[in-house]
Amino acid sequence: MKKAWKWLEIVLAAFMLLALVPQKTVAAKDTQTTKITDTYLKKVKNKGELVMGTSPDFPPYEFVKNINGKSKVVGMDIEVGQKIAHDLGVKLVVRTMDFDSLLVALETGKIDMVISGMTATPKRAQSVDFSTAYYRSGQDLLIRKADKDKYHDFRSFKGKAIGAQTGSLQATLIKEQAKQTKLKTMDKDSDLILALKTNKFDAVAVDTATAAAFAKNTDGIMAIPSGLKITSDGSAVAFHKGATSLVKAANKSIAEIKKKDLINKVYLPKAGKYLAGGKTKKEAKASNSMWAYKDFFIAGVGYTLFISAISVIFGFLLGAILALMRLSHNEIAHSIATAYIEFVRGTPLMVQLLFIYFGLGLVVNIPALLSGIIAVSLNSAAYVAEVIRSGINSIATGQTEASRSLGLSRSATMRYVIMPQAMKNIWPALGNEFVSLIKESSIVSVIGVKDLIYQSRIVQADTYRGVMPLVITMILYFIITFGLSSLMKVFERKMNHD
Ligand code: ARG
């Protein structure tokens, strides 16, 4: 009991330590930006690039297009970003993520600005600085065409469910103004549309321009006015609080965009062309076939295999070290390993990943792919450590005693007597761990790593087909994991022979 308390203390202490690090840095950064003159513009110019964050599920603002087998983010927001970057004489870099991650990414310096159809609301303006609005749009509801006579605006949905994107203005509006309806949120607008089509709820709330784009390009749905009221001038570019130099630069570009009416004359027509694909109906159907997206799936498998392979190696090495530390007689090594293992096993991989990417990102900027690999490896190590430890413990103490009395050193005993036998015992459990690592690596898609899951979501959004991409993804994962378990079995048989 006493021991258990000791562990709890250690784990809690470690946790508090971790929690302290980023907070301190935020505070330091904040005072820095307010006291010293703002260096945001200078930094962008030095880098030579302006990084824009966006959630490309929002036509005509931003969406992903399959152009000759390559995915490309297009839309009016990309044009706006391009214009700002061009006027600054730097390159535009587009980083994609879920809408509700954008402001976190901005706060933690992963991106320089958000352009994502984001409405400049007073509440958001408390935590970010907005440019002037570049586009004004109303609020609509998408419904199934079959329900045309049933619904007129949000008031007709008493007791019914309306979907909205997580973290969006629409989610807030429905919560505040449509109290008699149930709000259902999802991370991606494309998922909301699929859910609407499959009767998961009866309407989806989106900005008018987006509602029109979805209605035009999806069979069986139509847009109606929502009746929801908003107080805002429209969509604007969001910058880090205090980044006045960048806001000013953006405002200058936006003023020019407005003066020349570039949105209506150039950006929207261009987006419309991408949306329609400039294709006949037959061509559109052909490009909707999964085969047209084979390169997406291949790229996804590549990323998934890459992340998994590296994480398996590092997870195993670190796991072995942790297991030995936990078994060692050295109190400190033992305590560190135990605390690490308990802590990592007791917190979700998703949170660990976000912590590494966004939290540690305050101190060192770790790219998404590397963050993903680090998170998956560190997580797997804790599980591998326990597997190895149980393997070592499964070898009778008589073995150690015998080999020691034959004159083998402690490490030689471990290496030549215990480990080979332990490995044989834990092989199946290790195989299990590697298989789950492959599956769990799918979590990296939330920070925009282009793994298999990420790609299948893009294909879903681009084709408006919900099920087929999932089926293909499932099959591909199965082929990978089954391949790995078969490989593990070959080695298992080999070990049993000798
Ligand atoms: N205008 C809405 C908002 O500010 C929705 C924006 C959603 N944008 C997107 N790229 N999914 O919350």
Side-chain angles (χ1 to χ4, degrees), residues 52-65 73-81 94-106 111 113-142 154 162-178 183-196 203-214 223 225-226 228-239 263 267-268 271 274-275 446 448 457-458 460-462 464:
M52 138 179 189
T54 195
S55 162
D57 54 356
F58 210 57
Y61 293 83
E62 50 268 323
F63 49 104
V64 179
K65 216 50 228 165
V73 187
V74 294
M76 96 164 124
D77 284 355
I78 309 302
E79 306 291 330
V80 172
V94 178
R95 204 148 286 166
T96 60
M97 58 194 82
D98 282 348
F99 188 74
D100 62 340
S101 295
L102 287 167
L103 292 183
V104 187
L106 186 64
I111 51 178
M113 61 178 181
V114 173
I115 316 186
S116 197
M118 183 174 277
T119 310
T121 62
K123 189 142 172 246
R124 283 178 180 150
Q126 287 172 5
S127 45
V128 299
D129 281 350
F130 279 114
S131 68
T132 46
Y134 58 88
Y135 189 74
R136 202 188 172 109
S137 163
Q139 297 296 313
D140 276 8
L141 290 172
L142 284 164
F154 80 87
I162 301 183
Q165 189 168 34
T166 317
S168 70
L169 166 68
Q170 285 78 10
T172 317
L173 293 179
I174 290 169
K175 235 188 288 159
E176 286 172 4
Q177 294 175 39
L183 168 69
K184 294 256 153 75
T185 61
M186 290 185 170
D187 290 344
K188 291 197 163 48
D189 276 308
S190 38
D191 288 341
L192 289 166
I193 303 296
L194 287 171
L196 172 67
V204 174
V206 279
D207 295 64
T208 305
T210 304
F214 276 129
S226 70
L228 297 161
K229 275 191 231 33
I230 61 164
T231 40
S232 168
D233 292 335
S235 303
V237 187
F239 293 97
I263 297 221
Y267 302 168
L268 278 177
Y274 275 126
L275 263 177
V446 303
R457 315 280 296 164
I458 289 202
Q460 274 184 323
D462 206 25
Y464 298 102

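First listed ligand is number 1; within each ligand, the first listed atom is number 1.
Looking at T121 against ligand 1, nothing comes within 4.0 Å, counting heavy atoms.
For L169, a nitrogen or oxygen atom sits less than 3.5 Å from a nitrogen or oxygen atom of ligand 1, counting backbone and side chain alike. By the 3.5 Å distance cut-off applied to N or O atoms, G167 is not counted among the residues near ligand 1. Considering backbone and side-chain N/O atoms, T54 never comes within less than 3.5 Å of an N/O atom of ligand 1.
Residue D207 has at least one heavy-atom neighbour below 4.0 Å for each of these atoms of ligand 1: 1 (N), 2 (C), 5 (C). Within ligand 1, counting atoms from 1 as listed, the ones closer than 4.0 Å to a heavy atom of T119 are 1 (N), 2 (C), 3 (C), 4 (O). Within the listing of ligand 1, atoms 4 (O) sit less than 4.0 angstrom from a heavy atom of M118. Per-residue contacts place S168 under 4.0 angstrom from the following atoms of ligand 1 (heavy atoms of the residue considered): 12 (O). Against a heavy-atom cut-off of under 4.0 Å, D57 is close to the following atoms of ligand 1: 9 (C), 10 (N), 11 (N).
For the pair K229 and L173, the tightest heavy-atom approach, listed with the atom from each and the gap, is O-CD2, 3.5 Å. Here the shortest heavy-atom pairing between A120 and A236 reads CB-CB, 3.9 Å.
Residue, atom and distance of the protein heavy atom nearest to atom 6 (C) of ligand 1 are G117 O, 3.4 Å.
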For this session: Any chance you could lay out the side-chain contact (heavy atoms from CB on, under 4.5 Å) test for Q139 and D207, step after step, and finish with the verdict?
Result: CA-CA 5 Å; Q139 297 296 313; D207 295 64; 3.6 Å; yes

Exercise. For V80 and Y267, what are the C-alpha separation, side-chain angles and deciding distance, and is it a side-chain contact (heavy atoms from CB on, under 4.5 Å)?
Worked result: CA-CA 8 Å; V80 172; Y267 302 168; 4.0 Å; yes

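Ligand 1 lies out of reach of Y61, whose nearest heavy atom is not under 4.0 Å from it. Ligand 1 is approached by Q170 to a heavy-atom distance shorter than 4.0 Å.
In this structure, M118 and L103 have side chains that are in contact, with non-hydrogen atoms separated by less than 4.5 Å. A heavy-atom distance below 4.5 Å is not found between the side chains of T166 and D98.
With no hydrogens or angles considered, no side-chain donor-acceptor pair links D100 and Q165 at under 3.5 Å.
Among R124, E62, Q165, the residue whose heavy atom sits closest to atom 7 (C) of ligand 1 is Q165.
A donor-acceptor pair under 3.5 Å links the side-chain atoms of T210 to the main chain of P59, judged by distance alone.
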